[in-house]
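Here the structure comes first, spelled out in structure tokens, and everything after it is commentary.
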Amino acid sequence: MVVKVEKITPKKSNPATTDEVISEEMDMIKKKYLRGEGADLKALKDKKLQGQLAVKEDLYGKSAAAAAKAEKWLMPSEGGYLEGDGIEKTWRIKQDAIASEVDILSSRKQFDIVLPDFGPYTLEFTPSGRYMAAAGRKGHIAIVDMQNMNAIKELQVRETVRDVVFLHNEQFFAAAQKKYPYIYSRDGTELHCLKEHGAVLKLQFLRNHFLLASINKFGQLRYQDVTTGQMVSNLRTGLGRTDVMQVNPFNGVLAVGHSGGTLSMWKPTSAAPLVKMLCHPGPVTALAFHPNGHLMATAGMERKIKIWDLRKFEVLQTLPGHCKALDFSQKGLLATATGSFVQVFGDLSGSQNYSRYMTHSVAKGYQVKKVAFRPYEDVLGIGHSMGWSSILIPGSGEPNFDSWVANPFETSKQRREKEVHSLLDKLPPETIMLDPTKIGSVRPTRKKEKPTKEEIEAEMEAAIEAAKNIPMKKKTKGRSKPSKIAKKKQEAVEKAKKPFLEQHMKKRKLTDETQLPKSLERFVRKKAVA
């Protein structure tokens with residue numbers, strides 16, 4: 001076999017052609033941001049309206065061009081999804097087939113860590129997706145650098161660990177242990193024991209407010225400020241023991257699922273729940289929020305998964321299936337797990353209609369406890385009874401990261417700077433509300449409450465006294481006689497009483513005009529006939 005090698009001479013690129021290609025690409029991207037076809041301004045006869053619409057159309061064009069320019073140069077990577085050939089279903093594609101097609105770097109993100117003596121495991125990722133905390137029920141805690149797959153620290157606390165959560169960065173994490181939650185540093189040093197929280201079942205950290213939220217086995221919800229150590233609030237849910245709790249990334253409201261099928265939403269400055277809704281006829285088993293904060297997924301014991309629109313508190317879709325763990329990815333994919341079976345649902349059409357996208361079975365007998373998508377990567381972490389696993393889910397992660405929000409390649413200097421800035425930008429607990437867009441807006445004027453009978457009487461007496469004390473001018477020709485002055489004062493008093501009497505007569509007239517049912521008309525007093 002002879003291979004013929006030809007010498008290829010590189011062609012000089014014409015700058016004019018490259019500019020044309022770039023302009024064509026920009027026009028294609030710009031079409032995505034335009035608001036459809038522009039108005040036909042020539043058909044308008046009103047010149048003033050024509051001018052106003054022309055200015056608006058020009059503004060829309062400029063904003064679309066700016067958005068296209070930002071996408072072209074600031075978002076170089078594009079996200080993708082699995083697509084089947086013909087009638088092939090994407091959920092039939094196995095992990096082995098995906099691993100054989102992807103590059104070497106991506107194939108390394110697919111692995112299984114088997115630790116049968118310490119499971120089941122729960123997982124937590126940092127917002128940048130660089131670090132992962134894994135906590136085994138039997139006391140094993142590990143901090144892993146997911147970029148180079150190095151174990152930063154492993155420790156054995158020798159007691160039950162129910163949950164683990166990172167604080168504002170990977171330097172600190174909190175673990176809910178048998179009696180109390182503890183805060184550890186990255187190198188495994190115990191820093192604090194939070195005895196006020198009690199035996200905690202679930203932990204959540206509110207990053208914008210620096211609040212550590214916990215719910216214990218008595219159903220008590222506590223918020224603690226990790227910067228000052230102050231206990232912000234201690235709330236009683238009154239709905240029993242639960243370990244289903246999740247924070248809404250949009251507004252910081254904490255949602256708690258209960259055994260009666262109800263879901264309550266809380267904020268630290270309110271003793272009563274902001275929202276209390278019946279989601280399922282049986283206990284709520286899992287809960288997750290979409291990154292935009294407007295969608296929520298709940299799972300119940302009646303083998304149904306419901307997707308809710310939180311702007312209207314309505315069910316958008318009901319999916320069949322039992323579920324013990326839920327999680328949304330950055331691009332809106334929904335991962336569900338029950339037993340040793342994991343399913344991923346996707347809204348590929350953008351119409352908020354979720355359908356089966358991918359499936360994965362862990363080894364038979366493994367019981368999945370937690371599923372968590374890794375940010376900025378097409379990876380799903382699975383914590384189960386025999387350790388933890390990582391599988392590839394194409395299209396789950398955001399392809400472009402913003403280094404001001406979360407930087408996977410952050411240096412120690414950048415981390416310190418970011419910590420200082422986040423502390424300066426820390427939000428007070430009062431800013432947690434269902435609709436955070438109201439912050440900074442003008443409060444609407446409230447309607448005046450109707451005054452009581454005593455207040456009306458007091459106001460009338462004050463008006464009468466003021467009318468009596470009006471000084472009278474001294475006039476000549478007998479017009480300042482005592483009788484005349486008394487008459488004028490009486491007229492002033494009657495004038496002051498008139499608006500109150502008219503209001504009272506209107507009320508009486510309204511009550512008289514109200515018609516009673518025929519069965520009660522015979523009890524009405526008959527008017528005296530003159």
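Values below: every heavy atom of this structure, side chains too, minus hydrogens, waters and symmetry copies. In this chain, residues are counted from 1 in sequence order.
When side chains are defined from C-beta on, Pro127 counts as touching Arg207, because their heavy atoms get closer than 4.5 Å. Looking only at side-chain heavy atoms (C-beta outward), Val344 and Thr359 stay at 4.5 Å or farther from each other. Between Met433 and Asn251, the closest side-chain pair of non-hydrogen atoms is not below 4.5 Å. Trp308 places a side-chain heavy atom less than 4.5 Å from the side chain of Met277. The shortest side-chain heavy-atom distance between Leu123 and Met132 falls under the 4.5 Å cut-off. Looking only at side-chain heavy atoms (C-beta outward), Thr160 and Gln177 stay at 4.5 Å or farther from each other. Put simply, the side chain of Asn234 reaches to within 4.5 Å of the side chain of Gln220, judged on heavy atoms. Taking the side chain as every heavy atom from C-beta outward, Met149 and Phe111 approach each other to under 4.5 Å.
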From CA spacing to verdict: side-chain contact (heavy atoms from CB on, under 4.5 Å), Ile307, Val315: CA-CA 6 Å; Ile307 296 168; Val315 179; over 6 Å; no
Step by step, work out the side-chain contact (heavy atoms from CB on, under 4.5 Å) result for Val253 and Val247. CA-CA 6 Å; Val253 171; Val247 65; over 6 Å; no
Can His168 and Glu419 be said to form a side chain to side chain donor-acceptor pair (under 3.5 Å), step by step? CA-CA 8 Å; His168 54 282; Glu419 192 172 4; 2.8 Å; yes
Check against side chain to side chain donor-acceptor pair (under 3.5 Å), Gln352 and Gln317: CA-CA 8 Å; Gln352 294 180 347; Gln317 192 178 356; over 6 Å; no
Yes or no on salt bridge (charged side-chain N to carboxylate O under 4.0 Å, His left out) for Asp145 and Arg130, after CA distance, side-chain angles and deciding distance? CA-CA 6 Å; Asp145 186 345; Arg130 172 85 185 261; 2.9 Å; yes
Evaluate the side chain to side chain donor-acceptor pair (under 3.5 Å) criterion for residues His294 and Asn292: first the C-alpha distance (whole Å), next the side-chain angles of each, then the deciding distance (0.1 Å), finally the verdict. CA-CA 6 Å; His294 300 318; Asn292 64 16; 5.2 Å; no
Test log, rule side-chain contact (heavy atoms from CB on, under 4.5 Å), inputs Leu392 and Lys109: CA-CA 7 Å; Leu392 299 176; Lys109 295 168 187 172; 4.1 Å; yes
Phe125 and Phe166: ring pair (Phe, Tyr, Trp, His ring centres under 6.0 Å), yes or no, with the steps? CA-CA 8 Å; Phe125 289 101; Phe166 278 110; 8.9 Å; no
If you apply the rule side chain to side chain donor-acceptor pair (under 3.5 Å), what do you find for His140 with Tyr121, and how did you get there? CA-CA 9 Å; His140 178 237; Tyr121 275 82; 2.6 Å; yes
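Ion pairing of Glu196 with Arg222 is absent here, as no side-chain N (NZ or NE/NH1/NH2) approaches a carboxylate O to less than 4.0 Å. Remark: Asp243 does not engage Arg162 in a salt bridge, criterion side-chain N to carboxylate O under 4.0 Å. Salt-bridge check for Asp309 with Arg311: passed, with a basic side-chain N closer than 4.0 Å to an acidic carboxylate O.
Distance CE/Met146 to OG1/Thr126: 10.0 Å, rounded to 0.5 Å. A distance of 13.5 Å separates OG1 of Thr189 from CD1 of Ile183, quoted to the nearest 0.5 Å. Rounding to the nearest 0.5 angstrom, the gap separating the CZ atom in Arg415 from the CD atom in Glu170 is 5.5 Å.
Using a distance-only test at 3.5 Å, with no hydrogens or angles considered, no donor-acceptor pair links the side chain of Arg303 to the main chain of Gly321. Proximity of a side-chain donor or acceptor of Gln246 to a complementary backbone N or O of Ala255 within less than 3.5 Å is not detected. In this structure, the side chain of Gln110 engages the main chain of Gln95 through a donor-acceptor pair within 3.5 Å. Listed for the Asn216 side chain is no donor-acceptor partner under 3.5 Å among the backbone atoms of Gly198. Between the side chain of Lys89 and the main chain of Gly84, no donor-acceptor pair closer than 3.5 Å is present. Put simply, the side chain of Gln414 gets close to the backbone of Thr411: a donor and an acceptor are under 3.5 Å apart.
Taking the six-membered ring for Trp, Phe289 and Phe250 have ring centres at least 6.0 Å apart.
No side-chain donor from either of Gln224 and Gln230 sits under 3.5 Å from a side-chain acceptor of the other. In the model, Thr242 has no side-chain atom that pairs as donor or acceptor with a side-chain atom of His258 under 3.5 Å. Neither side chain, Ser422 nor Asp425, offers a donor N or O lying under 3.5 Å from an acceptor on the other.
Relative ring orientation between Phe328 and Tyr354 is described as perpendicular, the plane-to-plane angle rising above 60° on a 0-90° scale split at 30° and 60°. A perpendicular orientation is assigned to the rings of Tyr182 and Tyr180, their planes being inclined by more than 60° (bins at 30° and 60°).
Evaluation of the side-chain contact (heavy atoms from CB on, under 4.5 Å) rule for Lys426 yields Phe210, Asp225, Thr227 as partners, not counting sequence neighbours.
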Please output the side-chain donor-acceptor pairs of residues 378-389 that fall under 3.5 Å, not counting sequence neighbours, one pair per line with the distance.
residue, atom, partner, partner atom, Å
Asp378, OD1, Ser396, N, 3.3
Asp378, OD1, Gly397, N, 2.9
Asp378, OD2, Gly395, N, 3.2
His384, ND1, Met386, N, 3.2
His384, ND1, Gly387, N, 3.4
His384, NE2, Ser389, OG, 2.9
Ser385, OG, Gln367, N, 3.0
Ser389, OG, Asp112, OD1, 2.5

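Among Gln171, Glu190, Lys153, the single residue meeting the side chain to side chain contact (heavy atoms under 4.5 Å, CB included) criterion with Tyr184 is Glu190.
When the shell of 6.0 Å around CD of Glu88 is examined, it contains more than 12 heavy atoms from other residues, nucleotides or ligands.
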